[in-house]
Amino acid sequence: MRKYQPKHAALIVIDVAIVLLTIILTCFTVGYLSNHKIIMTLLLCLFWLAAILFAAILLPGYFSRTVIYISPSEISMKTGIIYVKRHQMKTSAIQYVSTITTFMSKYTGLNFVILRAMGGTMVLPFLGVEDLREIEELMRNS
């Protein structure tokens with residue numbers, strides 16, 4: 001049984017994207033609402049609190065609790081932040097395997113494997129390139 005976890009580089013990329021988006025929203029808010037100080041301050045607090053919540057608490061919790069197990073007979077994934085969700089799929093039931101790799105995926109870790117079976121789909125998120133190729137090869141041979 002093989003164990004896979006999301007690549008930590010994907011968490012860093014998503015955190016940087018959240019901070020950049022928050023900076024852009026801050027610039028627009030200051031630019032357009034500078035005459036309305038109370039509304040501007042409330043929106044800035046809301047944007048930065050949401051960014052801190054996602055980047056520092058929710059996403060690291062999701063990445064640390066997501067685990068994928070692959071055996072010759074089944075694939076299971078355990079994930080969740082507040083509650084634990086388990087997905088299981090028999091490898092004999094898998095009909096299609098799709099992979100998604102993004103630009104610079106070797107460094108970003110934004111790679112996904114989509115497993116489709118009759119009546120269900122399982123997405124294996126944020127894998128490293130080596131893990132993605134290994135899972136693809138395992139699914140091809142089973």
Side-chain angles (χ1 to χ4, degrees), residues 1-34 36 38-142:
M1 178 177 289
R2 296 284 314 219
K3 177 181 174 181
Y4 300 96
Q5 287 188 304
K7 190 171 180 180
H8 187 70
L11 176 62
I12 294 170
V13 168
I14 294 170
D15 284 348
V16 168
I18 288 173
V19 169
L20 288 176
L21 178 66
T22 307
I23 290 171
I24 291 169
L25 287 173
T26 299
C27 292
F28 280 125
T29 303
V30 169
Y32 287 113
L33 295 176
S34 60
H36 307 285
I38 295 174
I39 295 172
M40 180 184 73
T41 305
L42 288 174
L43 281 175
L44 290 177
C45 290
L46 178 71
F47 293 153
W48 284 102
L49 284 174
I52 290 169
L53 177 71
F54 276 97
I57 298 170
L58 293 177
L59 286 174
Y62 175 80
F63 272 71
S64 66
R65 294 191 68 182
T66 300
V67 181
I68 301 163
Y69 296 102
I70 298 180
S71 70
S73 62
E74 76 174 10
I75 298 170
S76 64
M77 182 173 72
K78 184 178 90 169
T79 187
I81 298 171
I82 297 171
Y83 61 91
V84 177
K85 184 170 47 171
R86 290 185 172 90
H87 297 278
Q88 292 184 335
M89 184 180 287
K90 299 277 186 193
T91 55
S92 60
I94 295 173
Q95 295 177 332
Y96 301 104
V97 177
S98 302
T99 58
I100 299 173
T101 56
T102 58
F103 177 70
M104 302 286 286
S105 64
K106 181 179 178 182
Y107 304 108
T108 62
L110 297 175
N111 303 308
F112 304 89
V113 175
I114 302 170
L115 305 171
R116 291 187 178 91
M118 191 67 135
T121 300
M122 182 184 287
V123 178
L124 308 178
F126 306 115
L127 297 167
V129 173
E130 303 84 23
D131 294 342
L132 179 112
R133 298 294 177 226
E134 189 174 322
I135 292 171
E136 191 177 36
E137 185 67 30
L138 285 170
M139 294 302 108
R140 191 176 309 135
N141 292 334
S142 62

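FYI, the numbering just counts along the sequence from 1.
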Please collect all ring-ring contact (aromatic ring centres under 6.0 Å, His included) contacts where either partner lies in residues 122-142, sequence neighbours excluded, each pair once. Phe63-Phe126, Phe112-Phe126
Can you tell me how far CD1 of Ile14 sits from CG of Leu110, rounded to the nearest 0.5 angstrom? 6.0 Å
All ring-ring contact (aromatic ring centres under 6.0 Å, His included) counterparts of Tyr62, not counting sequence neighbours: none
Residues Gly109 and Ala10: closest non-hydrogen pair is O-CB, 3.7 Å
Identify the residue among Glu130, Glu136, Glu137 that makes a salt bridge (charged side-chain N to carboxylate O under 4.0 Å, His left out) with Arg133. Glu136
Under 3.5 Å: donor-acceptor pair, side chain of Arg116, backbone of Gln95: no
Any donor-acceptor pair under 3.5 Å linking the side chain of Thr22 with the backbone of Trp48? no
Between Ser71 and Glu74 (side chain of the first, backbone of the second, donor and acceptor by atom type, cut-off under 3.5 Å), is there such a pair? yes
Is there a side-chain contact between Ile94 and Met139 in this structure, where contact means two heavy atoms from C-beta onward sitting under 4.5 Å apart? yes
Compare every heavy atom of Ala117 with every heavy atom of Ala93, then report the nearest pair and how far apart it is. O-CB, 3.3 Å
Could you check whether atom CZ of Arg140 has more than 12 heavy atoms from other residues, nucleotides or ligands sitting under 6.0 Å from it? yes
Would you find a donor on one side and an acceptor on the other, under 3.5 Å apart, between the side chain of Thr91 and the backbone of Ser73? yes
Can Val113 and Ile100 be said to form a side chain to side chain contact (heavy atoms under 4.5 Å, CB included), step by step? CA-CA 6 Å; Val113 175; Ile100 299 173; over 6 Å; no
Mind checking whether Thr101 and Leu132 have side chains closer than 4.5 Å, heavy atoms only? yes
Nearest 0.5 Å please: distance from the CG atom of Leu124 over to the OG1 atom of Thr66. 10.5 Å
Let me see the working for Met89 and Leu115 under side chain to side chain contact (heavy atoms under 4.5 Å, CB included), right down to the final yes or no. CA-CA 9 Å; Met89 184 180 287; Leu115 305 171; 4.1 Å; yes
Any chance the side chains of Glu134 and Tyr4 put a donor and an acceptor closer than 3.5 Å? yes
Considering only heavy atoms from C-beta outward, does the side chain of Leu49 approach that of Phe47 to under 4.5 Å? no
Going from OG1 on Thr108 to CG on Leu11, what distance comes out if it is rounded to the nearest 0.5 angstrom? 12.5 Å
Side chain to side chain, Arg65 and Ile81, heavy atoms closer than 4.5 Å: no
Lys7 side chain vs Asp131 backbone, donor-acceptor pair below 3.5 Å: no
When Ile68, Val123, Ile70 are each screened for side chain to side chain contact (heavy atoms under 4.5 Å, CB included) with Met77, the one that passes is Ile68
Rounded to the nearest 0.5 Å, what separation is found between the CD1 atom of Ile114 and the CE atom of Met122? 12.5 Å
Say you draw a straight line from CG of Leu46 to OG1 of Thr41; how long is it, rounded to the nearest 0.5 Å? 12.5 Å
Separation between CG of Leu53 and CD1 of Ile18, rounded to the nearest 0.5 Å: 9.5 Å
Taking C-beta and beyond as the side chain, do Leu44 and Val30 meet within less than 4.5 Å on heavy atoms? yes
